[in-house]
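Just so you know, ligand 1 is whichever comes first in the structure, and atom 1 is the first atom listed for that ligand. Please read these numbers as outputs of a predicted model, since none were measured by experiment.
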Amino acid sequence: MPVDRSPHALQLAEKIRTRTARVSVVGLGYVGLPLAVEFARAGFRVTGIEVDAEKARRVNAADSYVLDVPSSALAPLVAEGRLSATTEYACLAEADTVNICVPTPLRKTKDPDMSYIDAACRQIARYLHPGMLVILESTTYPGTTDEFVLPMLERDQLRVGRDFFLCFSPERVDPGNRQFQTRNIPKVVGGITAACTELGALFYSQALERVVPVSSTRVAEMVKLLENTFRMINIGLVNEIALMCDRMGIDVWEVIDAAATKPFGFMPFYPGPGLGGHCIPIDPFYLSWKTRQAGIEARFIELAGYINGQMPHFVVDKIQNALNDRSKPVRGSHVHVVGVAYKRDIDDVRESPALDIMHLLKRRGARLSYTDPYVPRVVVDGEEMRSEELEPAASRADCVVIVTDHSAVDYRRLVECARLIVDTRNATRGIVSEKIVKL
Ligand code: SAJ
């Protein structure tokens, strides 16, 4: 079907093609900053809008705080004036495009917290002018863009698809992934109208290797939720398989490695101490919240959420039983935790199961210490703890528990130093020792 292109659409398309469009990105975190860098590298002038003045200052000083963006990548862009940051939204008055890359956490009630998107859209609405392209990237429930964002923007004489353009494009950043980064991760984008989709796809194709246009914002919103719900449920499944194998005395790690030899129809997931991060434990509940409104119970999500949530308790019971087998109560025992980030080789502790495990151990009276080369300090139950040197601490501990299997740790040395090791990640694979108790 031919796309109805208004004069504003044609003018914006020309600005995008000639890379004279003024690009802005709201939220310079692990999603927004790499995105801003890619568009600046492509030749656009990019202004980041960041509520945290310290982050804005650091961007302007080419001093990166995002793992995947080295300061050396910022320096030339900032020096050439292609990339700058501000805490003020007023720059949107001259912007042609704005990407919204703000957090979408869950409230304690597991309801979506839309406050960050709401705050950003209120500001964008103040400066929205004809010819602007607005793209929401924050992970959210299907219907957010058309039901929540659009009414905030469509006012006065401004009509979507004619005067301004609105899309959803899921962020797919995988922090710490060396192989897939913003530039070479295929970018799905769907618009409120065909003209919106066309402009969104044209925009991303200037800076990213592959763009995947879809027919609507709801399809684009659902794509992301399918991706991460798929992951969360399969992790829940393999955690339940681990609980079964534990009860039946079967090595679940051996089972998975053997199953993974199947060249088709199988994808390995691995049991662990629980589900951390700001995507996988959270995104599926955006979907289940929305489906509940539609009268559909997302039972897989709820069940997987329950199982994943039980894993920290299972790990603490493992530790308790392992100490008990050595006639040591948890109360008063020194437990040293190795790895507190939510997954290997990153510094993020959001929703990390390590924090749950440490909380539970403290409640049972254990004396805690930890080592994490990426996380110098962490707060557990209001108490600040600092990462300690591994070998001395492991040698002193009654039990060492490997919660996150950072590559930098020498697990063979760790086994030599420790009296007892509970390994929740199979980090000691290939090492035979009576000291090791596996998930
Ligand atoms: N986990 C397991 N077993 C597994 C895989 C993960 O217990 O087999 C745990 C991890 O330890 C972690 C949590 O689940 O605590 C989430 O791990 P993750 O590997 O899914 O990492 P995330 O949260 O950084 O997920 C991101 C997501 N990226 C985006 O949403 C853009 C996800 O879609 C990616 O698939 C994932 O990275 C990835 O593949 O690394």
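In this structure, the protein non-hydrogen atom closest to atom 21 (O) of ligand 1 is K343 NZ, 3.2 Å. Here the heavy atom of the protein found nearest to atom 26 (C) of ligand 1 is D174 OD1, 3.7 Å. For atom 33 (O) of ligand 1, the closest non-hydrogen atom on the protein side is N228 OD1, 2.6 Å. Looking from atom 4 (C) of ligand 1 to the surrounding protein, the closest heavy atom is Y270 O, 3.5 Å. Among all protein heavy atoms, the one lying closest to atom 13 (C) of ligand 1 is G276 O, 3.4 Å. In terms of protein heavy atoms, atom 19 (O) of ligand 1 is closest to R231 NH2, 2.9 Å. Here the heavy atom of the protein found nearest to atom 24 (O) of ligand 1 is Y342 OH, 2.8 Å. Counting only heavy atoms of the protein, atom 25 (O) of ligand 1 lies nearest to I280 CG1, 3.8 Å.
The proximity of E171 to ligand 1, defined as any non-hydrogen pair under 4.0 Å, involves the side chain as well as the backbone. Contacts with ligand 1 closer than 4.0 Å are made by no heavy atom of N239, backbone or side chain.
The environment of OH in Y116 is sparse: at most 12 heavy-atom neighbours from other residues, nucleotides or ligands sit within 6.0 Å. Within 6.0 Å of CZ on R326 lie more than 12 heavy atoms contributed by other residues, nucleotides or ligands. For R292, the CZ atom sits in a packed shell: over 12 heavy atoms of surrounding residues, nucleotides or ligands are nearer than 6.0 Å. Other residues, nucleotides and ligands place no more than 12 heavy atoms under 6.0 Å from the CD atom of E389.
Nearest residue to atom 30 (O) of ligand 1 from K224, R425, R172 is K224 (criterion: closest heavy atom). For the residues D283, I256, I235, the heavy atom positioned nearest atom 6 (C) of ligand 1 is part of I235. Nearest-residue assignment for atom 9 (C) of ligand 1 (options N308, T424, L275; heavy-atom criterion): L275.
Centroid-to-centroid, the aromatic rings of H406 and Y374 come within less than 6.0 Å.
When the options D381, V316, V340 are evaluated for a side chain to side chain contact (heavy atoms under 4.5 Å, CB included) with M358, the one that passes is V340. Among R386, E388, H336, the one residue that satisfies the side chain to side chain donor-acceptor pair (under 3.5 Å) test with T371 is H336.
Counting atoms of ligand 1 from 1 in the listed order, those under 4.0 Å from a heavy atom of C279 are 30 (O). The ligand atoms of ligand 1 that sit less than 4.0 angstrom from a heavy atom of F269 are 8 (O). Taking every heavy atom of V173 and a limit of under 4.0 angstrom, the matching atoms of ligand 1 come to 28 (N), 29 (C), 31 (C).
Taking the charged nitrogens against the carboxylate oxygens, E50 and R57 have no contact shorter than 4.0 Å, which rules out a salt bridge. The residues R172 and E137 are annotated as not salt-bridged, no charged nitrogen and carboxylate oxygen being separated by less than 4.0 angstrom. With salt bridges taken as basic N to acidic carboxylate O contacts below 4.0 Å, none links K224 and E227.
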